[in-house]
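Everything below concerns the one structure shown next.
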Amino acid sequence: MTHNGIRFPDVIDLTTKAPDGTIRLVLAETDALTGHDIPALKRKLDNYAAFAQSGELPRSPVATGGRPVLIRVDLYAEPEQLVVIFLRHYRTLLEKQGLGLEVSLNQADLTL
């Protein structure tokens with residue numbers, strides 16, 4: 001049994017570092033998210049942001065190749081529109097903290 005997605009808010013599903021130095025904290029969600037899932041999604045994203053800012057990740061421009069740390073939400077089922085709107089607003093909050101947000105649906109990037 002895998003422990004990923006919003007049902008496990010204290011687990012970082014996947015961490016990657018690209019050749020260009022970009023670090024991504026990936027949240028992988030297989031269930032179709034609805035408006036009722038937004039509190040759990042927010043809790044998981046808040047934990048990712050706290051981890052990124054905790055100092056446990058290299059945040060210096062040298063360590064990340066001058067690239068920001070990104071949180072990536074990989075969705076594998078179509079979410080309700082309310083979830084997309086929430087992610088759009090959450091991205092703005094992350095940008096104020098110096099973090100980025102990417103979202104994909106079935107491995108295709110979504111434009112927020």
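All residue numbers in this chain count up from 1 along the given sequence. Since this is a predicted model, take the numbers as computed values, not measurements.
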Mark yes or no for whether [X], through its side chain, and [Y], through its backbone, hold a donor-acceptor pair below 3.5 Å.
X: Lys44; Y: Phe8; result: yes
X: Lys42; Y: Asp37; result: no
X: Asn4; Y: Asp13; result: no
X: Lys17; Y: Arg24; result: no

| request: Would you indicate whether the side-chain heavy atoms of Tyr90 and Leu112 approach each other to under 4.5 Å? | output: no
| query | Does any non-hydrogen side-chain atom of Arg7 lie less than 4.5 Å from one of Asp31? | reply |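 Result yes, sub-4.5 Å side-chain heavy-atom pair found.
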| For the hydrophobic clusters of this structure (ILVMFWY residues joined by side-chain heavy atoms under 4.5 Å, transitively), does one cluster hold both Val26 and Ile6? | no
| Do Leu110 and Leu82 sit in the same hydrophobic cluster, where Ile, Leu, Val, Met, Phe, Trp and Tyr count as joined when their side-chain heavy atoms come under 4.5 Å apart? |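 Yes.
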| query | Run the side-chain contact (heavy atoms from CB on, under 4.5 Å) check on Ile85 and Arg88 step by step: do they pass? | reply | CA-CA 5 Å; Ile85 292 168; Arg88 184 177 304 130; 3.9 Å; yes
| request: Verify salt bridge (Lys or Arg N to Asp or Glu O under 4.0 Å) between Arg72 and Asp74, making sure each step is shown before the conclusion. | output: CA-CA 6 Å; Arg72 181 172 180 88; Asp74 285 340; 2.8 Å; yes
To the nearest 0.5 angstrom, please state how far the [atom1] atom of [X] sits from the [atom2] atom of [Y].
X: Gln107; Y: Tyr76; atom1: CD; atom2: OH; value: 5.0 Å
X: Glu102; Y: Leu25; atom1: CD; atom2: CG; value: 11.0 Å
X: Phe51; Y: Ile12; atom1: CZ; atom2: CD1; value: 5.5 Å
X: Leu75; Y: Asn106; atom1: CG; atom2: CG; value: 8.5 Å
X: Thr92; Y: Leu87; atom1: OG1; atom2: CG; value: 11.0 Å
X: Ile23; Y: Thr16; atom1: CD1; atom2: OG1; value: 8.5 Å

| note | Heavy-atom closest pair (Val84 atom, Pro79 atom, distance to 0.1 Å) is CG2-CG, 3.9 Å
| message | Please give me the minimum heavy-atom distance between Ala49 and Leu94, naming the atom from each residue. | response | CB-CD2, 3.9 Å
| NZ/NE/NH1/NH2 to OD/OE distance under 4.0 Å, Asp10 and Arg43 | no
| field | side-chain contact (heavy atoms from CB on, under 4.5 Å) between Val73 and Leu101, intermediate numbers included | value | CA-CA 8 Å; Val73 179; Leu101 179 69; 3.9 Å; yes
| request: Would you sort out whether Tyr48 and Val69 count as a side-chain contact (heavy atoms from CB on, under 4.5 Å), showing the intermediate values? | output: CA-CA 11 Å; Tyr48 275 43; Val69 174; over 6 Å; no
| task | Show your working on side-chain hydrogen bond (donor to acceptor under 3.5 Å, both in side chains) between Ser104 and Asp109 and close with a plain yes or no. | result | CA-CA 4 Å; Ser104 72; Asp109 288 340; 5.1 Å; no
| message | Go through it in stages, so that I can follow the logic: the residues are Thr22 and Leu70, the test is side-chain contact (heavy atoms from CB on, under 4.5 Å), and I'd like the CA-CA distance, side-chain angles, deciding distance and then a yes or no. | response | CA-CA 7 Å; Thr22 301; Leu70 301 174; 3.6 Å; yes
